[in-house]
Amino acid sequence: MAAAKKKITFKGMSTEKVVKQYKRTRLLSWALYSLALFMALMSLSWYSVESITVTALVIMLITLVFAVYVVHNIGKYMMSRYLEILRADCDPYKFEKLYTQMETHPNSPNEITFNICRAIFYQGRFQDALDRLLEMGRPKEDSALYFQYYNLLANCYDELGNVEKLVLIKEKIGKKVLSMKDKDKYVGNGRQLMVILDQMLTQKEGRLTRSRELAEELFDNASFTLARIGAACRLASVEHQCGASRSAMEHAAYAIDDGGKTFYASRAREIYKACCGKDYLTEAEQFKANMEAGMYENDGEDSQDGRE
């Protein structure tokens with residue numbers, strides 16, 4: 001049986017340590033890039049004075065190109081790991097502080113600024129996230145950020161109650177998806193966004209049965225923790241409106257347990273309490289409450305090493 005893949009997490013690291021790690025990685029990358037460039041220039045110099053053969057020069061340059069390629073991919077790997085602070089750990093505050101260290105072009109469409117917008121949104125600062133999104137401008141249609149941008153934009157408008165903007169985004173994305181072929185790279189992202197938009201609008205229109213079906217589809221198909229938490233919270237909200245209190249409580253509890261520091265966790269607590277009239281306590285919170293109530297008193301029997 002294959003070993004389980006180790007989950008990437010930064011939960012055990014403080015924000016300051018994560019930022020320091022990023023700075024060290026960036027410094028190392030620049031140092032290796034500089035070394036590779038220096039060696040390439042030296043190789044050309046040696047060749048110009050006939051100190052090395054053509055074959056040796058070619059081998060050296062290929063090696064240096066490969067070294068740059070490796071360094072580049074190490075950087076990409078580290079950036080993909082940092083995404084897990086939001087995607088898996090659900091910590092938008094740590095995520096924002098880290099990505100703010102990286103930002104260089106806040107007024108142009110780019111992945112760093114977009115991720116800062118995401119961090120702001122998941123903190124529950126919807127208007128701030130919307131303002132930053134509009135300031136950075138819209139990515140090109142063939143960009144990997146295109147559907148992600150409109151997904152976050154739609155979420156902002158949904159939270160702010162702007163149905164008119166949601167309808168306009170749905171029309172725009174619908175036309176874009178229809179123009180795409182099945183083999184297009186991001187067509188799946190576009191179709192998923194259409195489901196999200198349909199779920200938002202059907203809930204606002206009061207078509208709760210259909211909205212619940214779409215929320216269940218989003219929950220079942222979510223590929224990482226944050227997406228699953230968001231879908232669970234949406235599902236709990238619709239179920240509460242439908243009167244399906246037990247199911248709403250289950251999905252709300254899931255969002256509370258795994259929602260980390262996102263606004264979903266606090267919203268799920270509100271839904272849970274509205275369903276049953278009492279607060280939900282995580283295992284850690286319940287243990288703390290039991291400790292404070294004196295339910296785990298040590299009577300000294302366990303310290304006798306089993307002796308009567």
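For the single chain, residues carry numbers from 1 onward in sequence order. Because only heavy atoms are used, hydrogens play no part in the values below, and waters and symmetry mates are left out as well, while side chains stay in.
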Novice: Decide whether Arg138 and Tyr146 meet the rule of one side-chain donor and one side-chain acceptor closer than 3.5 Å.
Specialist: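 No, Tyr146 and Arg138 have no side-chain donor paired with an acceptor closer than 3.5 Å.
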Novice: Using modelled atom types only, decide if a donor and an acceptor are shared between the side chain of Lys140 and the backbone of Pro109 within a distance under 3.5 Å.
Specialist: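 Not at all, since once roles are kept as given, no pair shorter than 3.5 Å links the two residues.
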Novice: Under a 4.5 Å cut-off applied to non-hydrogen side-chain atoms, are Thr209 and Cys242 in contact?
Specialist: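 With C-beta onward as the side chain, the pair stays apart.
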Novice: Flag the pair Thr113 / His105 as yes when at least one side-chain heavy-atom distance between them is below 4.5 Å, and no otherwise.
Specialist: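 Result no, sub-4.5 Å side-chain heavy-atom pair not found.
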Novice: Would you name the heavy atoms of Ala248 and Cys275 that are closest together and state the gap between them?
Specialist: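 Taking Ala248 first and Cys275 second, the nearest heavy atoms are CB-SG, 3.8 Å.
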Novice: List for me each residue that meets ring pair (Phe, Tyr, Trp, His ring centres under 6.0 Å) alongside Tyr186, sequence neighbours excluded, and say none if there are none.
Specialist: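 Testing Tyr186 for ring pair (Phe, Tyr, Trp, His ring centres under 6.0 Å), a comparison that skips the adjacent residues, returns none.
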Novice: Are the aromatic ring centres of Phe121 and Phe263 under 6.0 angstrom apart?
Specialist: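 So the answer is yes for these two rings.
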Novice: Determine whether Leu130 and Leu168 fall in the same hydrophobic cluster, where Ile, Leu, Val, Met, Phe, Trp and Tyr are linked whenever their side-chain heavy atoms lie under 4.5 Å apart.
Specialist: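 In one cluster with Leu130: Leu168, no.
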Novice: Within a strict 4.5 Å, meaning less than it, do heavy atoms of the Ile116 and Glu103 side chains meet?
Specialist: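 Side-chain contact under 4.5 Å: yes.
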Novice: Tell me every residue that passes side chain to side chain contact (heavy atoms under 4.5 Å, CB included) with Ala274, counting only those two or more places apart in sequence or in another chain.
Specialist: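 Partners of Ala274 by the side chain to side chain contact (heavy atoms under 4.5 Å, CB included) criterion, ordered by chain and then number, come out as His240.
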Novice: Rounded to the nearest 0.5 Å, what's the gap from CG on Leu133 to CG on Asp128? Could you check?
Specialist: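 That separation rounds to 11.0 Å.
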Novice: Just checking Phe126 against Tyr157, ring centres under 6.0 Å apart?
Specialist: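 Not close enough - the centres of the two rings lie 6.0 Å or further apart.
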Novice: State yes or no: do Leu83 and Leu226 share one hydrophobic cluster built from I, L, V, M, F, W and Y residues joined by side-chain heavy-atom distances below 4.5 Å, directly or via other members?
Specialist: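 Looking at the clustering, Leu226 is in the same group as Leu83.
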Novice: Starting from Tyr272, can I reach Tyr254 by hopping between I/L/V/M/F/W/Y residues whose side chains sit under 4.5 Å apart?
Specialist: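 Not linked; separate clusters.
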Novice: NZ of Lys17: more than 12 outside heavy atoms within 6.0 angstrom?
Specialist: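 Open.
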Novice: Answer yes when Glu159 and Arg267 have at least one side-chain N-carboxylate O distance shorter than 4.0 Å, and no when they do not.
Specialist: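 Result for this pair is yes, salt bridge flagged.
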Novice: The test is salt bridge (Lys or Arg N to Asp or Glu O under 4.0 Å); show your working for Lys170 and Asp198 and say whether it passes.
Specialist: CA-CA 8 Å; Lys170 182 182 176 182; Asp198 281 339; 2.6 Å; yes
Novice: Where do Tyr82 and Phe10 land on the ring pair (Phe, Tyr, Trp, His ring centres under 6.0 Å) test, with the steps shown first?
Specialist: CA-CA 8 Å; Tyr82 292 137; Phe10 289 86; 5.7 Å; yes
Novice: If you look at every heavy atom in Ala154 and Leu197, which pair is closest and at what distance?
Specialist: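 So the two residues come closest at CB-CD2, 3.6 Å.
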Novice: Rounded to the nearest 0.5 Å, how far does CG of Leu208 lie from CD of Gln241?
Specialist: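 Separation between the atoms: 5.0 Å.
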Novice: Mind checking the CG-CG spacing from Leu193 to Asn155? Nearest 0.5 Å is all I need.
Specialist: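 Between Leu193 CG and Asn155 CG, I get 9.0 Å after rounding to 0.5 Å.
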Novice: Provide the closest heavy-atom pair for Arg132 versus Pro106 in the form atom of the first, atom of the second, distance.
Specialist: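 Here Arg132 and Pro106 meet closest at NH2-CB, 4.3 Å.
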Novice: Is the closest side-chain heavy-atom distance between Gln203 and Ser237 below 4.5 Å?
Specialist: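 Touching, per the 4.5 Å side-chain cut-off.
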Novice: List the atom pairs, donor and acceptor, that lie under 3.5 Å between side-chain atoms in residues 212-221 and the rest of the protein, sequence neighbours left out.
Specialist:
residue : atom : partner : partner atom : Å
Glu213  : OE1  : Arg210  : NH1          : 3.2
Asn221  : ND2  : Glu217  : O            : 3.2

Novice: Using the rule that Ile, Leu, Val, Met, Phe, Trp and Tyr join whenever any side-chain heavy atoms are under 4.5 Å apart, tell me whether Ile229 and Tyr93 fall into a single cluster.
Specialist: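 Not linked; separate clusters.
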Novice: Nearest 0.5 Å, please: how far is CD1 in Ile85 from CD in Glu96?
Specialist: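 Interatomic distance, Glu96 CD to Ile85 CD1, rounded to 0.5 Å: 12.5 Å.
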Novice: Is the number of heavy atoms from other residues, nucleotides or ligands within 6.0 Å of CD (Glu164) greater than 12?
Specialist: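 Counting neighbours around CD of Glu164, 12 or fewer heavy atoms of other residues, nucleotides or ligands fall under 6.0 Å, so no.
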Novice: If I compare all heavy atoms of Phe114 with all of Gln148, which pair ends up nearest, and what's the gap?
Specialist: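 Between these two residues, the closest heavy atoms are CZ-O, 3.3 Å.
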Novice: For a 4.5 angstrom cut-off between non-hydrogen side-chain atoms, does Val167 reach Val163?
Specialist: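 Result yes, sub-4.5 Å side-chain heavy-atom pair found.
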Novice: Carefully, step by step, assess Lys273 and Tyr280 under the rule side chain to side chain contact (heavy atoms under 4.5 Å, CB included).
Specialist: CA-CA 7 Å; Lys273 188 170 184 178; Tyr280 174 81; over 6 Å; no
Novice: With the side chain counted from C-beta on, respond yes when Tyr122 and Phe95 share a heavy-atom pair under 4.5 Å apart, and no when they do not.
Specialist: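 Not in contact.
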Novice: Does Lys176 NZ have over 12 foreign heavy atoms under 6.0 Å away?
Specialist: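 Above 12, so yes.
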Novice: Quick one: pull up CG in Asn189 and OH in Tyr150 and give me the separation to the nearest 0.5 Å.
Specialist: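 Output value for this atom pair is 15.0 Å.
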Novice: Backbone N or O of Ser108 within a donor-acceptor pair of the Asn110 side chain at under 3.5 Å?
Specialist: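 Side chain of Asn110 to backbone of Ser108: a pair is present.
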Novice: When you measure from the side chain of Thr15 to the backbone N and O of Lys94, does any donor-acceptor pair fall under 3.5 Å?
Specialist: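 No.
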Novice: So, taking the atom named CD in Glu111 and the one named CZ in Arg118, what distance separates them when rounded to the nearest 0.5 Å?
Specialist: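 Glu111 CD to Arg118 CZ: 9.0 Å, rounded to 0.5 Å.
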Novice: Could you tell me whether the side chain of Met200 reaches within less than 4.5 Å of the side chain of Arg234, counting heavy atoms only?
Specialist: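 The answer is yes, as the side chains (C-beta and beyond) meet within the 4.5 Å cut-off.
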Novice: May I ask you to say whether Lys97 pairs ionically with Glu16, meaning some side-chain N is under 4.0 Å from a carboxylate O?
Specialist: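 Yes, Lys97 and Glu16 are salt-bridged.
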Novice: If every non-hydrogen atom of Ala222 is compared with every non-hydrogen atom of Ala227, which pair is closest and at what distance?
Specialist: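 Looking at all heavy atoms of both residues, the shortest contact is CB-C, 3.8 Å.
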Novice: Side chains of Gln127 and Asp131 only: does a donor on one sit below 3.5 Å from an acceptor on the other?
Specialist: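 Yes, side-chain donor-acceptor contact under 3.5 Å.
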Novice: Does Ser211 reach the main-chain N or O of Arg207 with its side chain, forming a donor-acceptor pair under 3.5 Å?
Specialist: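 No.
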Novice: Which pair of non-hydrogen atoms, one from Ile271 and one from Ala236, has the smallest distance, and what is that distance?
Specialist: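 The answer is CG2-O, 3.9 Å.
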Novice: Decide, yes or no, whether a salt bridge links Lys261 with Asp89 under the criterion of side-chain N to carboxylate O below 4.0 Å.
Specialist: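 So Lys261 does not pair with Asp89 through a salt bridge.
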Novice: Evaluate Leu86 against Asn115 for side chain to side chain contact (heavy atoms under 4.5 Å, CB included), listing each step before the verdict.
Specialist: CA-CA 9 Å; Leu86 188 61; Asn115 278 322; 5.6 Å; no
Novice: Show your working on side chain to side chain contact (heavy atoms under 4.5 Å, CB included) between Lys204 and Asp158 and close with a plain yes or no.
Specialist: CA-CA 9 Å; Lys204 283 183 162 39; Asp158 180 50; 2.5 Å; yes
Novice: Any side-chain heavy atom of Arg81 within less than 4.5 Å of one from Glu84?
Specialist: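 Not touching, per the 4.5 Å side-chain cut-off.
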Novice: Are Leu134 and Ile120 connected into the same hydrophobic cluster when the rule is that any two of I, L, V, M, F, W, Y join if their side-chain heavy atoms are below 4.5 Å apart?
Specialist: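 Result: yes, single cluster for both.
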Novice: I'd like to know whether Val238 forms a side chain to side chain contact (heavy atoms under 4.5 Å, CB included) with Gln199, so could you lay out the CA-CA distance, the side-chain angles of the two residues, the decisive distance to 0.1 Å, and finally the verdict.
Specialist: CA-CA 10 Å; Val238 180; Gln199 193 283 321; 3.6 Å; yes
